[in-house]
Structure formats: structure tokens, C-alpha cells
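Have a look at the structure below, then the notes.
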Amino acid sequence: MKSVASLSFLLAALSAAAPLAQAQNCGSGGGATVCLTANGTASNVQLNWTVSGAVKSLEVYRDTDADPNGRSRIAVVDKAATSYADASANTGTPYWYWVKFTTAAGSYNSGASSATRGGGCTPTAITPYINVSGNWTQTASASVPAGEAAILGPQPTTGGIWTWNGCGTAGGAREQTIRPTAACTATATYTNACGAKTLQSFSIGLAGAMRNMTSLQMSKEMSPGWNIGNTLDATPTETSWGQPLINQALMTGIKNAGFKSIRLPVTWTPHVDANDNIDPVWMARVTQVVKYARNAGLYVVLNLHHEGGWLNNTTYAAQPANNARLTKLWTQIANNFKDYDDYLLFAAMNEIGKENTVWGAPKDPEWLNVQNGYNQVFVNAVRATGGNNAKRHLVAQAYETNIDISYASAVLPTDTIANRLFFEIHYYDPYDFTINGQSNMWQWGATATNPTETWADEPYVDAQFQKMKTRFVDQGVPVIMGEYGAYNKPNYPGMPPYRKAWAQYVTHSAWLHGLVPMWWDTGEMIDRNTGAVKTPDEISTIVNATK
């Protein structure tokens, strides 16, 4: 079935040239063939046909689209006839015609042929305009916030007659004020002074509601959180790192397991052209996954993840080009999701630090300044797209998402709306216990009998998270712990109890200090195909630690 927009363009194209002629369109059956042509004139639509074989009767049918379902019979002609003039056709309206013929074997149809009555009367081009929230835009589609009105105001402003249908439109006024309660299509018909008609469709969507709540209030609804790692962030494709395609069952399973939010890491750069235009297929796939999460009732934190290293060139020399690329990517992403409600959050980037430097080594102030600047570029780009993005909750990061750097030198971006910013850090301390698979450290915390490191024990955890509480949460800026986790080492079968202790303590401490903990998962605990919980004891440990 053609979309309304497609039909609008097709009608406009057919109306633009009068008279309009079609090649012969043939249909065969019962040993006969009838080939039809149609031509528009100033006074009618002239039909001509040829007949091969024996026919018992001929009828002429007409419709305003190419679908024969719903067509109307306009004439019964002699079986020897080869022409018919349709004087009842409206000027400027495209019509499709068929000759139905009957043989001894049954009834059949010629091919469809289209023409528009008009002669020298040329249809008038329509320029569509829509006013949403007080701003006129030259467009035929828009989303209207729930409960608000929009004005449809096509041009020209004088010289003809307007008629409307759809979206609650009525009467003959050129401007129509609508207050949609659901997505709808309004169609304007403009009849000019000489009788030619032009149709213009307006596609109206309903934007999701943006609640009047601060980021700090929202953060209290998001714990615990879950990362869908190594999937949409994988390169070059979603399944390249061994994970299956994300599906609705996974999102539903995450929600049913007790999680309230997901962080959706997405790598965009491998899916852009030479001018940083995002592949529409990739954008559609990310959109589908976001919808899966929203269908499940989850908050979604959508980010830029592994971008090929260009953001990690945190030098003043690279800054203008990097800022431009960051702006272009976020402008496209934000525009795609501008009508989504506030359960969707945008996060600027992921773990940006100067390339080819030692993680945790002293930082050059230049690197910190460039990375802090990225946050401002991100906020500016998203806010500029308007719609719900003018109020969307956004997530900024510090250099390397490091807690100590965040505490000492992070610069929050300025914003056009108050209380709509989160801050993000990651936590994998102590590294040799949590994610260094080559390390022999397999015990952690107060119960460890043979710890190889003690610098990141329980008091250290509390002290680190207290820094974030003091620096951000107590100032009204909630903190997302966007990644954290510890992973069992097969060579150390005694590790699981210590890993469980780490997960319980870190999750609970983060939650007590006002942070939103979001566990980094790659399919270990929840089945990526079915959404079934694979490790119920560990899942319940994380979920219960935020109660």
C-alpha cells in the first residue's frame, strides 16, 4: 500500500502536467485483449482502446487511485465501441480508468490508464507550512506535543478555494488549527481560479510527553541499570563480537529481572559516509532497539561509544574538526529521536582520553580542556534540534570517566534549561580483581584471606562515591555510574563469593550515595536470545542492593 506521503507526491506529479497521456495498457483473458489509452483535454478525459478477439460486452470504470478495489462504473458501451469521453471528470483531478470486457469464458480488464482533465488550466503548486509552539516551518510533517495545538497554513494565501479533511480539520479556511490526540494525516485540496486542483498531505505525529521533573528526581527511578555491551557498540556489525541481535525478549527479560534502566552503547562512526551522514539503515536499527526498551518500560541512556579514536585526539589542533564531527553526529541522532519522551536520555561520549597515553598517568590541561569542551558541543547540538530535545535529560562525562579527575577538574556544560544534566563516571577498581583476566587477584574486601591488593577495599569504595555525592549529587546533578563490574576467572574457582561481595557492596554504596549503578554485561547473566536469567543469585544480589 502506498503511504499518504507517497500518494501526495504522486498526485502532485500527475497534476503538474496537463494534458497527461499514457502509453497503451493492455489486459488479456478469455481469448481477447483490450489495450487502453487515456488523454486529458480541457473539456474531458478521452479514452481510446483496441480490441483483439471476440468480446460480448464492454464497460468503462474509473477511480482516483490505481487500486481497482472500490472503482466505479461510469459507462456501458457497445461491444464494437473503441472510445469514450469522460466529461464528468473534475478538472485537475488525476483519474485511473479500466475497460472491463466479457467473453464467453468470463470477465476481464484492460490495463489501468491514467489522465487528468485540465487542458490549459495548470494546477497551482502548494507550499506547506506548519506552526508548532509558535514557530512556522516550511514542512509537510511535524510532531505536536501532547495537549498542544498546531496550525496548518499552506500557501498560496489568495486566489483559490481550500477544502480539508483529516486531523479534525473543517471548513474552507486556509489555516487550520488542530489539537491531535493521536498521529493523523490532514489533506488540503486547493482549487485555483481556472478549476485545477492540487492536493497536499500533512503528516502529524504526537510527540511523547516530557514530565516536569529534574534530573535528580529522575535518577531516583533508574536504579539499578544494565548495559547491553558488545553489541550495538561492536564493529563492524552488531554481531561481530559474538552477541546475537538485540530483540524484544531481551528487553522484557531485563525489566522482569528487576532493572529499571539500560545503557545502550552505540558506535556510529563505522556507519557514516565520507561526510559523516549516518546510514539510514543503522539509524533505523538503533531506533528499533530503543523502541524495544521503551516497550518494556525501561529508561534508555543512548550514547556515542567506540568512535574509531578521533575523539581521543584531545589537542587544540584537532579540536575544531572534532567539534564539527561531534555536532553533526549528535544533530542527526537528536533529530531522529526529538519526539521521544523523557525516558530516553542522551550521553555525550564514552571514556575519552588522549590517545597513546598511559591510563591514569598525569594529564595535560590541554587534553582536559578539549574533552570538557566536547560536553558543551554536545549540549549545544542537542538543544538546537528543538522539540522534546529542548528539555531532554543529557549526560556529560569527565576525562576517562575517572572519579578523581571528575572531582578535581570536570567542567559542567552550560545549558538552556535548568536541572536537566546528569554526570557519568565508570568504576572498575581494583582493576586486577575486576577486569584484568591475566591477574592472579581473585579475592577482595574484608573477608579476603589472601588479598594481593587492599587499596580498593570497602572504605575506598565509600570514599570515592562520597566524592561524587559532594561534587555533583549534593549540587543537584545526579551521577550515573555508567559502567561497573567484576568478572570471574576460570582459573580461580574460589572467586565467585568475592565477586558477589564486590557486586553487592559497590552497587549498594553507589545507590546510597545517590549514584545510578549500571552493570556492564556481555550476556553472562541474562540470555541474550530469550531474556531468561542465567545467574539468579548474582542478579538478585545487584537488584536487592538498590533497595
Side-chain angles (χ1 to χ4, degrees), residues 1-119 121 123 163-166 185-191 195-201 203:
M1 179 182 293
K2 290 186 179 69
S3 68
V4 173
S6 302
L7 184 56
S8 176
F9 287 125
L10 179 57
L11 294 179
L14 291 169
S15 300
L20 178 65
Q22 294 285 331
Q24 279 195 336
N25 293 278
C26 301
S28 299
T33 298
V34 176
C35 297
L36 174 66
T37 61
N39 292 280
T41 71
S43 57
N44 58 41
V45 174
Q46 182 64 45
L47 305 178
N48 294 280
W49 60 86
T50 62
V51 178
S52 299
V55 298
K56 299 174 63 176
S57 65
L58 297 174
E59 301 170 63
V60 180
Y61 283 80
R62 184 182 75 187
D63 205 347
T64 54
D65 59 48
D67 186 350
N69 292 319
R71 66 184 182 175
S72 300
R73 188 176 68 182
I74 60 172
V76 176
V77 298
D78 189 272
K79 66 179 182 180
T82 58
S83 66
Y84 177 79
D86 181 13
S88 67
N90 292 323
T91 300
T93 299
Y95 290 99
W96 281 257
Y97 294 88
W98 297 260
V99 173
K100 181 179 178 181
F101 58 97
T102 303
T103 72
S107 296
Y108 309 94
N109 292 290
S110 71
S113 189
S114 181
T116 303
R117 176 179 175 177
C121 183
T163 57
W164 291 86
N165 64 76
T185 299
T187 302
T189 302
Y190 180 73
T191 306
K197 298 180 184 294
T198 311
L199 276 67
Q200 176 65 56
S201 293
S203 180

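- Under the side chain to side chain contact (heavy atoms under 4.5 Å, CB included) criterion, S88 pairs with R62, D86, sequence neighbours left out.
- For Y190, there are no side-chain hydrogen bond (donor to acceptor under 3.5 Å, both in side chains) partners, not counting sequence neighbours.
- Between Y95 and T64 the shortest side-chain heavy-atom distance falls below 4.5 Å.
- Within the 4.5 Å cutoff, the side chain of N25 has no heavy atoms near those of the W98 side chain.
- Among residues two or more places apart in sequence or in another chain, the side chain to side chain contact (heavy atoms under 4.5 Å, CB included) test is passed with T102 by S57, S107.
- In this structure T91 satisfies the side-chain hydrogen bond (donor to acceptor under 3.5 Å, both in side chains) test with no other residue, sequence neighbours excluded.
- Taking T50 as the reference, Q24, C35 meet the side chain to side chain contact (heavy atoms under 4.5 Å, CB included) condition, with sequence neighbours excluded.
- A side chain to side chain contact (heavy atoms under 4.5 Å, CB included) with T189 is found for one member of L199, T93, T198 and no other, namely L199.
- Applying the side-chain hydrogen bond (donor to acceptor under 3.5 Å, both in side chains) rule to N48 yields no partners; only residues at least two apart in sequence or on another chain are considered.
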N/O donor to acceptor pairs below 3.5 angstrom from side-chain atoms of residues 68-77, sequence neighbours left out:
{"residue": "N69", "atom": "ND2", "partner": "D67", "partner atom": "OD1", "Å": "3.2"}
{"residue": "R71", "atom": "NH1", "partner": "N109", "partner atom": "OD1", "Å": "3.1"}
{"residue": "R71", "atom": "NH2", "partner": "N109", "partner atom": "OD1", "Å": "2.9"}
{"residue": "R73", "atom": "NH1", "partner": "E59", "partner atom": "OE1", "Å": "2.8"}

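- In this structure A105 satisfies the side chain to side chain contact (heavy atoms under 4.5 Å, CB included) test together with T103, Y108, sequence neighbours excluded.
- Counting only residues at least two apart or on different chains, no salt bridge (Lys or Arg N to Asp or Glu O under 4.0 Å) pair has a member in residues 26-50.
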